[in-house]
Number of protein chains: 2
Amino acid sequence: MNAQVKVPRISETEWEVMRAVWAGHPATAGEIIERLTAADPTWHPKTAKTLLARLVRKGALDYEAQGRRYVYEPLVSERQCVAAASESFLERVFGGSLKPMLAHFVESRRLSREEMDELRALLENGLSKGKRP
Amino acid sequence: MNAQVKVPRISETEWEVMRAVWAGHPATAGEIIERLTAADPTWHPKTAKTLLARLVRKGALDYEAQGRRYVYEPLVSERQCVAAASESFLERVFGGSLKPMLAHFVESRRLSREEMDELRALLENGLSKGKRP
DNA sequence: GTTCATGGACTACACGTGTAAGCCAATACG
DNA sequence: CGTATTGGCTTACACGTGTAGTCCATGAAC
């Protein structure tokens, strides 16, 4: 189940579209556009359509004709894309060093008491349990 | 010292150049190119020069003529750029939610016991010392 | 059935980015 | 001093990206 498919490069704006698709699929262009405009009313339907087409061409999405309209489906999982983007970011901005990166985030943003606790718990578990659901 | 200067958008490749500059400045183009090729021999001097010029135009670097050559100096600090890039990444990939992001990294990469401890310490301090002006 | 609206395909276009080459002036070398 | 070299300035060019508009077919509304 881990075919390690090559994740295409997803641009900034394309990420928004992908997230709209991941939010629930299969989904028609209309539904996706609805989600996009809900989050940000400045989205232009035509723009969204162009992005959808590009994502299909890139191999990030697939579609299936359903009558006169398409239903889109992701070909790459959010996990995969998140992993790829994170890796790239880590490399580019922190030269690949994880600790400075984590330090930066923990420092830069105030975490609530709860978040800290949860994160701490995550640290504990990550070591002892290392299990992947 | 915190003029909060607008950080220009630094592209992937430009990051490499900036890091070479941050590594020690002022530095001549020659020195910078040396550092770049040291890290990655495929760097072409002309390409590096183009990038330097672009970074100057963008306002990320400044230079001062020193005889027939320039010495470059960053106009934006690594801290600033790291912060900006991190913010953008966090927004794009994790919708701005810090915790899932941290969770992802803690999960995805195996941290050594020491790193975990350090990170945990960081969490403790972050809270107890939370000096927020 | 004719018309309008909806949805997809194709086209447009400027700016960013990666990757250099060509040109020109000053300097170092002989 | 003349020449080769070095370093900067200008130009090139293809592909990616953000942002749409136009064209065309099909289904919905009358």
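Labels below follow one simple rule: chain letters A, B, ... track the order of the sequence lines, proteins then strands, and each chain is numbered from 1. Just so it is clear, the values below take in all heavy atoms, side chains as well, and ignore hydrogens, waters and symmetry mates.
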- Task: Specify the separation, in whole Å, of atom CD of B/Glu14 and atom P of D/dG16.
- Result: 18 Å

- Query: Which class fits the ring pair A/Phe105 and B/Phe89: parallel under 30°, tilted 30 to 60°, perpendicular over 60°?
  - Reply: tilted

- How do B/Thr42 and A/Tyr70 order along DNA chain C: which one's closest nucleotide is nearer the 5' end? A/Tyr70

- Does any non-hydrogen side-chain atom of A/Glu16 lie less than 4.5 Å from one of A/Leu36? yes

- What's the CH2-P distance between B/Trp43 and C/dT17, to the nearest Å? 13 Å

- Which nucleotide sits closest to the side chain of A/Thr13: C/dG18, D/dT19, C/dT17? D/dT19

- Value in whole Å for how far the P atom of D/dC9 lies from CG of B/Leu51: 15 Å

- Would you say the side chain of B/Thr47 and the base of C/dA20 hold a donor-acceptor pair, judged only by whether the two atoms sit under 3.5 Å apart? no

- B/Glu14 and B/Lys58 ion-paired at < 4.0 Å: yes

- Message: Between P on D/dA28 and CZ on A/Arg69, what's the gap in Å once rounded to a whole number?
- Response: 8 Å

- Query: If you pin A/Lys58 and A/Gly67 to their nearest nucleotides in DNA chain D, which one's is more 5'?
  - Reply: A/Lys58

- Whole angstrom value for the distance that separates C1' of D/dT6 from CD of B/Glu31: 15 Å

- Message: So, does B/His44 get its side chain near the phosphate of C/dG18, meaning an N or O under 4.0 Å from OP1 or OP2?
- Response: no

- Query: Rounded to the nearest 0.5 Å, how far apart are OG1 of B/Thr37 and NE2 of B/His44?
  - Reply: 12.0 Å

- Would you say the base of D/dT6 and the side-chain of B/Arg68 have a donor-acceptor pair closer than 3.5 Å? yes

- Any donor-acceptor N/O pair under 3.5 Å between C/dT19 base and B/Arg54 side chain: yes

- Rounded to whole Å, NZ of A/Lys46 lies from C1' of C/dG7 at a distance of 8 Å

- Task: Quickly work out the B/Lys49 NZ to C/dG18 C1' distance and round it to whole Å.
- Result: 16 Å

- Are A/Glu31 and A/Arg69 ion-paired here, with the side-chain N under 4.0 Å from a carboxylate O? no

- Query: So what does A/Thr50 hit on the nucleic acid, given a heavy-atom distance under 4.0 Å: a base, only sugar-phosphate, or nothing?
  - Reply: base

- Query: For B/Ile10 and C/dT17, what is the distance between atoms CD1 and C1' respectively, to the nearest whole Å?
  - Reply: 13 Å

